[in-house]
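Let me begin by presenting the structure, written as structure tokens, before commenting on it.
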Amino acid sequence: MSLLAGAVLLSGCGSKNGGEPSGSPSTGGTPAASETTPAAELKEATVVLDWTPNTNHTGLYVARDMGLWEKHGLKVELILPPEAGASALVAGGQAEFGVGAQESMILAKEQGLPLVSIAPIIQHNTSGFASPADKNIKEPKDFEGKTYGGWGSPAESAVLESIMNVQNADVSKVNFVNAGTADFFTATKKGIDFEWIFYGWTGVEAELRGEPVNMVYLTDYSQQLDYYTPLLLTSEKVIQEDPELVRAFLAGASEGYQYAIDNPDAAADILIKAVPEINPDLVKASQQWLSPKYKDDAPRWGEQKREVWSGYGDWMLENGLMEKELNYDEMFTTEFLPQ
């Protein structure tokens, strides 16, 4: 579980199809009351987030607060994750759904946890290695001689080595240190040169702070590293025992994310209202950046492909991050997405 907990951090924000689905919200207002199931008849479900609320989760808050899940007969609660992450609660039957990432899903399956990915929240990996612009780190070979601040996961050095190998650079010349709980802006003022971030949150925050960063995106150097992060997951048991719950959950979530795609400002307002302690300026700017990336070039929100699962899984196997080949077809399903 310690490996799983470490990997879940990778899906955290800033650590560190074509049309709307049937019945989705219009560009304003909430569904008519007549479309909503009476409260006494609603089936309850819980979603465990992967991090503190942020724009990765906007579609979930939209679905909850605009009554989209109620329209499909559900009352859904969103909760913060425990230290072991969402996967542990979902696998243990203490929550029906969770937010995770492909890397932690694969590790979980290797450990025998009965988890299944039901939809990626963002179609492509938007993470990368960020550094203050004045450090002049613009490509993987520039990591040589620099200090990387991380959290001690084996995946970090493997990813760095993979993209540095593209430019025949030497990962042994990178100084690895544990950044602890310091945020990116604090860490890079105290001896750390670069960190692994999601641009949609920390990178956008850097823009707002007037502290420009250079980004080295994983996907610019390796197709295998274009994995799904974050994603929505459930357990094999929930799928087997209550497939209609999964279908209804994804119907509401899909409508919530489509609303956020079509209406980034209004969706941001919903998240800000739901989480009043959040930075509203950051949410607004982040939502503008991230909304087009939820679906991106996929035919519909939530689409996922076997080649993405096998590509990253094979990379993990090649880099010693897992010990045996797994059945990737058992790790995900698109069966419950709205048509």
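A donor-acceptor pair shorter than 3.5 Å cannot be found between the side chains of E139 and N214. Under 3.5 Å, the side chains of Q304 and Y228 contain no donor-acceptor pair of N or O atoms. Neither side chain, T219 nor D226, offers a donor N or O lying under 3.5 Å from an acceptor on the other. For the residue pair E207/Y199, the side-chain donor-acceptor check at 3.5 Å is satisfied.
Here the CD1-OG distance, from I192 to S131, works out to 12.5 Å after rounding to the nearest 0.5 Å. Rounding to the nearest 0.5 Å places CG of L245 at 12.5 Å from NE2 of H72. Interatomic distance, N125 CG to Y217 OH, rounded to the nearest 0.5 Å: 10.5 Å. Between atom CG of residue L107 and atom CD of residue Q102 there is a gap of 11.0 Å, rounded to the nearest 0.5 Å. Once rounded to the nearest 0.5 Å, the distance linking OH of Y61 with CG of L49 reads 5.0 Å. The CD atom of E44 sits 10.5 Å away from atom CG of L74, with the distance rounded to the nearest 0.5 Å.
With F143 as the fixed residue, the ring-ring contact (aromatic ring centres under 6.0 Å, His included) test singles out one of W196, Y221, F194, F176: F194. Partner of W69 under the side-chain contact (heavy atoms from CB on, under 4.5 Å) criterion, chosen from R64, K75, E255: R64. Of the listed residues (L78, D65, L68, V76), just one forms a side-chain contact (heavy atoms from CB on, under 4.5 Å) with L60, and that residue is L78.
Connection of M105 to L89 is not established within any shared hydrophobic cluster, with ILVMFWY side chains joined at heavy-atom distances below 4.5 Å, either directly or through further cluster members. Criterion: ILVMFWY side-chain heavy atoms under 4.5 Å apart, direct or through other members. Under it, W309 and M316 are part of a common hydrophobic cluster. Taking hydrophobic clusters as Ile, Leu, Val, Met, Phe, Trp and Tyr residues chained together by side-chain heavy-atom distances below 4.5 Å, V166 shares a cluster with V171.
Using modelled atom types, one side-chain atom of Q224 and one backbone atom of G311 make a donor-acceptor pair closer than 3.5 Å. No donor-acceptor distance shorter than 3.5 angstrom exists from the side chain of N56 to the backbone of I121, with no hydrogens or angles considered. In this structure, the side chain of D170 engages the main chain of S172 through a donor-acceptor pair within 3.5 Å. For the pair S291 (side chain) and Q288 (backbone), a donor-acceptor distance under 3.5 Å is absent. Under a 3.5 Å cut-off, the side chain of Q123 and the backbone N or O of E303 do form a donor-acceptor pair. Distance alone, capped at 3.5 Å, is enough to place a donor-acceptor pair between the E156 side chain and the G152 backbone. No side-chain donor-acceptor contact under 3.5 Å links D296 to the backbone of A298. A distance-only check finds no donor-acceptor pair linking the side chain of Q287 to the backbone of A268 [under 3.5 Å]. When atom types are taken as modelled, the side chain of S286 and the backbone of G200 share a donor-acceptor pair closer than 3.5 angstrom. D281 places no side-chain N or O within 3.5 Å of a backbone atom of N279 that could act as its donor or acceptor partner.
Sorted by first and then second residue, the ring-ring contact (aromatic ring centres under 6.0 Å, His included) pairs with a member in residues 75-100 read F97-F249; sequence neighbours excluded.
With sequence neighbours left out, the ring pair (Phe, Tyr, Trp, His ring centres under 6.0 Å) criterion links F185 to no other residue.
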> So D269 and K284, salt bridge (charged side-chain N to carboxylate O under 4.0 Å, His left out) or not? Walk me through it.
Replying inline: CA-CA 8 Å; D269 286 336; K284 286 280 191 177; 2.8 Å; yes

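Residues P53 and L80 are in side-chain contact: their nearest non-hydrogen atoms beyond the backbone lie under 4.5 Å apart.
Note on E96 versus K43: no salt bridge recorded, every NZ/NE/NH1/NH2 to OD/OE distance being 4.0 Å or above.
A 6.0 Å sphere centred on CD of E323 holds no more than 12 heavy atoms belonging to other residues, nucleotides or ligands. Within 6.0 Å of CD in Q223 there are 12 or fewer heavy atoms belonging to other residues, nucleotides or ligands. Heavy-atom neighbours of K146 NZ from other residues, nucleotides or ligands within 6.0 Å: above the threshold of 12.
Residue G203 comes nearest to I197 through the heavy atom pair N-CD1, 3.7 Å, listed as atom of the first residue, atom of the second, then distance.
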